[in-house]
Amino acid sequence: MTIAPGMTVKARGRQCRVVESTPCGHGKFVLRLQALDDPQFTFSVATHVETIEPAEVRPPSLERMGRLPLFRLFHQAMLLETSGIGQETIAPFLLPAIRHEDYQLVPVKMALSLPRPRILIADDVGLGKTIEAGLILSELHARRRANRVLIVCPASLCLQWQREMQVKFGFRFVIFNRQTLAQKRRELEAGTNPWAYEPRIITSMDFLKRPDGAFREIQGLRWDVIIVDEAHHLAPSGAAESDKQLTHLGRFLAEASDALLLLTATPHNGYDESMATLLSFLDPSLVSGEKKLVPSRYRRHYIRRLKNHICNPDGSPKFVERKPVQPLQVKLSPDEKKFHEQVRSYAQQILALAEKAEPKDRQAIQFVATVLCKRAVSSRRALLETLKRRLERLQEKQEEVEAERELLRRWRRGEPLSPDELQKLEQDAYINYLSAMRRLRRELARLEDEEDTVRSLLNALQELEKSSPDPKLVRLLDWLRQLHQSQPDLKVIVFTEYVDTVRAIEEFLKANGYEGKVVTATGEDPDADQRSAINTFLFGDATVLVATDIAGEGLNLHYNCHHLVHFELPWNPNRLEQRNGRIDRYGQTKSPVIAFLYLADTYEDEVLRRLLEKLDNKLRAEGTITDILGSFQQERLERLLLSRRKVEEAEKELDEMLKTVVPRDVLSGGTDDWLLSSIRSVLPSPQLEFDLVNFLQDSVKVAGGNWEEKGNGLVSIQVPKSWQAYLPHGQQSDVWELFVRDIPDNPNIPPEKILHPTHPLVQACLQWFHHLRFDPKEEVRIAYQVSEEVSEPEMIVTFLISLQDRAGSVTTLLEPVRVGRSFTSGDEKGDREIFYAAIKKPGGNVPTETLQGLFADWWLEGRERAKETAKVRAKSYSQILKGVRENLWRQMQGEIQAWAEENEKAILGDLWKEYQQRRLFGEPMEDRLPPPVRKRLQHHREQVRRLRQFWEQWTKIEEPIVEELGILLRVPQNSVAEG
């Protein structure tokens, strides 16, 4: 007997709903069951070990009629519970918290049309890759293919992903880091692996990659879905240790998942091997053995759109164009110019020492010089604080300290660090620098020189502070006053890298007319205070938000703000574009205004201003700069900034750095029409039009609860008593308040107050309907309707058809069949149209005696005919689905064979010809191969075997399961009049 998710079965003496079905080979399955009498209780059984039988459902009777509204809601509930009825994408239309666009559904359709949903989404910054991934996850969840999910991203994005998934899609994830993982271990029984225990986890790639920590703990585990954000970090970009560990992690994640979603706006870093590695994670056969990129191979797994690709139905651009960038020059006095030259000279002394230092210290010492220069152009306050800290370190006896490599790597990648992390990195790197002096045996003289230099710079900076305010602060104030003179309520976000600069800006603006108008977000304040500040900026009186990169990560300010100014220019162009993306993204209705301050006649002017203007020009000419950002050489830019090149030389080098080396056909991506329509078009589509809000509202009322509109999309729900048993423990409140429409993008709204398909109230409602199928007190499976459209009595019998393949994927269809006393419909499409139209209409009033007189003598025989017809249709759908899949498999066999041979040739190298000759004559050669070559060859052949096995299992469809769901009796109008 085949058992599919959604079925009701009897196991261990209890009626249970099948939640999940996992194949374990040879037609055997492990089922996860949920007890109907205790929805909080779930357990697993193996079909080859325990007896599993279909649950006995009380047969429907003409003497017990249900109400048509309840009948309609029951079928809607079954539609919500089934796994992707008709293969249509229904999840987007059941998510009130998101405003999706048609273009965001294209990756969803791509993923669902593949045997395994494994795609690289390389859409431009601001197009909504997180939303696209969430929509795919929602569809897989609806199909019961997303029970265990792992999201891997940079550490700074973990909280953003957690909130986006919970608020917009209703998925609750836990974040695993060093602290939360330790806490989880304390909560669980000894010996329990938290990674295996938690079904939905978010973690950072740097935390997960550590061989002696998390990476060891996840060995042997599998997930239904793995999502990797900023996936380009997993691709090799050099010989650095970090690259190797991340690439090793990428290979593990690829093999530990069924569905794999890789997200990045920069899929290519200038080396074909980088993008080829990402594609090989999806499917090894997508790239050749030489890591060459052949677009025709990976088109079905890759999608990339730019903002200028996206249009409205009338052809107009979907995204408003960003206005030309506004440079705000800050002129320096002669004393200030002299001071900045002194800072630059000091930085070059540090760099000279870095060249002589041991390789393990070199990057940390270079970081000391870089931070000095960056803080100098950020603000006087930022430099003042770092000089003070350096003087303190010099006057203390320091132990040997090595700067934490992980923090340094993250900083170099452009990932924002928290204030504590940045302070620790700066402090440890400086101590590392002092230690290097000692090891070079120049301790006494060198340390004295160092202290004299730092003290001299500190005194000069303090004298500047006494003589005049920071010129950058003055220029910012002038620009803001100009904006607010004509638009007093205009919202502006000011970005800076340093908390010290945030405090300086805040104090200066408040002292000069902006008291009560400025709020800050630095990442060092408690979460509640930061949310309150952002809320005041978005919805209150504040007009200026001053934020650091770490605090701005994940902020979506585009609905309320379209002005942004960089107080200092980041030395990483990727970081610059991430900042701009806070206002230049999907949903922005006004042209974003981007401005930046720069110190004239400094490296900010000579290099960074020119770089930004060149990037802005390229953005206008080509519609994107992500191809450049992906291959941008960060260290080369740092060397240029810290050098004393002439402006003409710097200009020439910038032009070299901005040359695009990636062929357009490699990066361009879209979808083929045949791919989107091949599998999906052969199955029937549902026409049961409804939305989640109306479904829940009608269900609450019909179950005896109350629904009260409170205004602005907020409702108060009196929970029906019959639902209480199905609510999770601790959430069995009598009254719930939910936002169900026009949900504001307000970070202060708790996720549990936003409606979505996985909300506890919706799930309790679905459980209640499922229980009603077996409840003798209430009938939901049979109803009647008086209709002028029929001339003789007829029944529409509905069935659930489950099609399950050997790979574990299930497709469930809701199939109505019309039958009369003397006919059985053969029109599948017509039956669906008639049924969905009928249940939207009123039922009428017919005496029970009349119904029995019209249907009793052919009631059983008619239902039997309907079931036989449903079985025939199910078999037909199964054959069509199998035929399409086998056709795709035949196409893929050639590609897999070609890839397998290419890879073998690449692995064997010079041994290829001899190996072929010996194999031709039946002479074994594997034992003669060098062990490393033999190991790679065995691993490759195992990959080929698994890939072929999966395709073969995907093409094998089990016997269809046909289960009667409901019966709608249609009574001619004249029959009622005669009765």
Side-chain angles (χ1 to χ4, degrees), residues 240 242 339-357 359-380 382-387 389-390 393 402-417 419 421-437 450 453-454 457 496-501 548-550 566-576 598-599 602-609 611-612 632-645 650 653-654 657:
S242 179
F339 174 75
H340 279 279
E341 280 300 314
Q342 291 172 340
V343 171
R344 201 167 188 175
S345 296
Y346 175 37
Q348 287 178 326
Q349 291 174 20
I350 297 172
L351 287 174
L353 180 67
E355 293 301 318
K356 301 174 184 177
K360 70 184 184 68
D361 296 325
R362 197 163 294 154
Q363 280 200 342
I365 297 173
Q366 289 171 346
F367 173 78
V368 171
T370 300
V371 165
L372 181 76
C373 292
K374 291 181 73 174
R375 281 185 169 268
V377 295
S378 178
S379 69
R380 289 178 182 172
L383 182 59
L384 187 70
E385 294 302 322
T386 202
L387 290 174
R389 286 192 286 268
R390 289 189 179 187
R393 298 287 84 77
E402 184 176 335
E404 190 173 328
R405 292 183 182 181
E406 209 53 72
L407 292 177
L408 194 55
R409 290 182 190 121
R410 285 171 53 195
W411 179 83
R412 281 205 166 279
R413 287 204 305 255
E415 184 180 336
L417 303 180
E421 289 174 329
L422 189 56
Q423 184 173 337
K424 175 176 171 53
L425 180 58
E426 289 186 17
Q427 176 178 304
D428 290 352
Y430 189 62
I431 297 172
N432 214 162
Y433 161 61
L434 297 181
S435 300
M437 288 186 195
E450 175 74 12
T453 302
V454 173
L457 288 173
T496 177
E497 188 170 350
Y498 300 106
V499 175
D500 298 322
T501 301
T548 59
D549 292 314
I550 188 69
H566 302 278
F567 195 75
E568 78 281 312
L569 286 171
W571 287 25
N572 186 310
N574 283 286
R575 173 52 41 199
L576 185 84
Y598 70 96
L599 298 180
T602 68
Y603 38 87
E604 261 200 322
D605 183 4
E606 296 164 1
V607 178
L608 290 177
R609 175 184 66 82
L611 172 62
L612 183 54
F632 198 84
Q633 299 174 34
Q634 179 64 25
E635 293 186 16
R636 187 175 174 185
L637 176 62
E638 285 183 22
R639 287 196 300 271
L640 180 60
L641 282 160
L642 295 172
S643 68
R644 290 182 178 274
R645 302 277 187 89
E653 183 151 359
L654 283 175
M657 292 166 70

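Side chains are part of it too, since the values below use all heavy atoms of this structure and drop only hydrogens, waters and symmetry mates. What you are looking at is a predicted structure, and each value in this text was computed from that prediction instead of being measured.
- Taking OG1 from T453 and CD from Q349, the interatomic distance works out to 5.5 Å, rounded to the nearest 0.5 Å.
- The distance from the CZ atom of R344 to the CD atom of Q348 is 6.5 Å, given to the nearest 0.5 Å.
- With rounding to the nearest 0.5 Å, the separation of CZ in F339 from CZ in R380 is 9.0 Å.
- The distance from the CG atom of L384 to the CZ atom of R389 is 9.5 Å, given to the nearest 0.5 Å.
- For the side-chain hydrogen bond (donor to acceptor under 3.5 Å, both in side chains) test, no residue two or more places apart in sequence or in another chain qualifies with T602.
- A 4.5 Å side-chain heavy-atom check between L383 and V377 finds every atom pair outside the cut-off.
- Listed by chain and number, the residues in a side-chain hydrogen bond (donor to acceptor under 3.5 Å, both in side chains) with T496 are E568 (sequence neighbours excluded).
- For E385, there are no side-chain hydrogen bond (donor to acceptor under 3.5 Å, both in side chains) partners, not counting sequence neighbours.
- In this structure, the side chain of S378 does not engage the main chain of K374 through any donor-acceptor pair within 3.5 Å.
- The nearest pair of heavy atoms linking A347 to A369 is O-CB, 3.6 Å.
- Looking at every heavy atom in both residues, R390 comes nearest to V368 through NH2-O, 2.9 Å.
- Taking Y598 as the reference, F596 meet the ring pair (Phe, Tyr, Trp, His ring centres under 6.0 Å) condition, with sequence neighbours excluded.
- Residues Y498 and V371 come closest through the heavy atom pair OH-O, 4.4 Å.
- Rounding to the nearest 0.5 angstrom, the gap separating the OG atom in S345 from the CD1 atom in I350 is 11.0 Å.
- In this structure, L576 CG and L569 CG are separated by 6.5 Å, a value rounded to the nearest 0.5 Å.
- Annotation for A382 and T501: closest pair CB-OG1, 3.4 Å, computed over non-hydrogen atoms.
- The two residues T386 and E426 make their nearest non-hydrogen contact at OG1-OE1, 3.7 Å.
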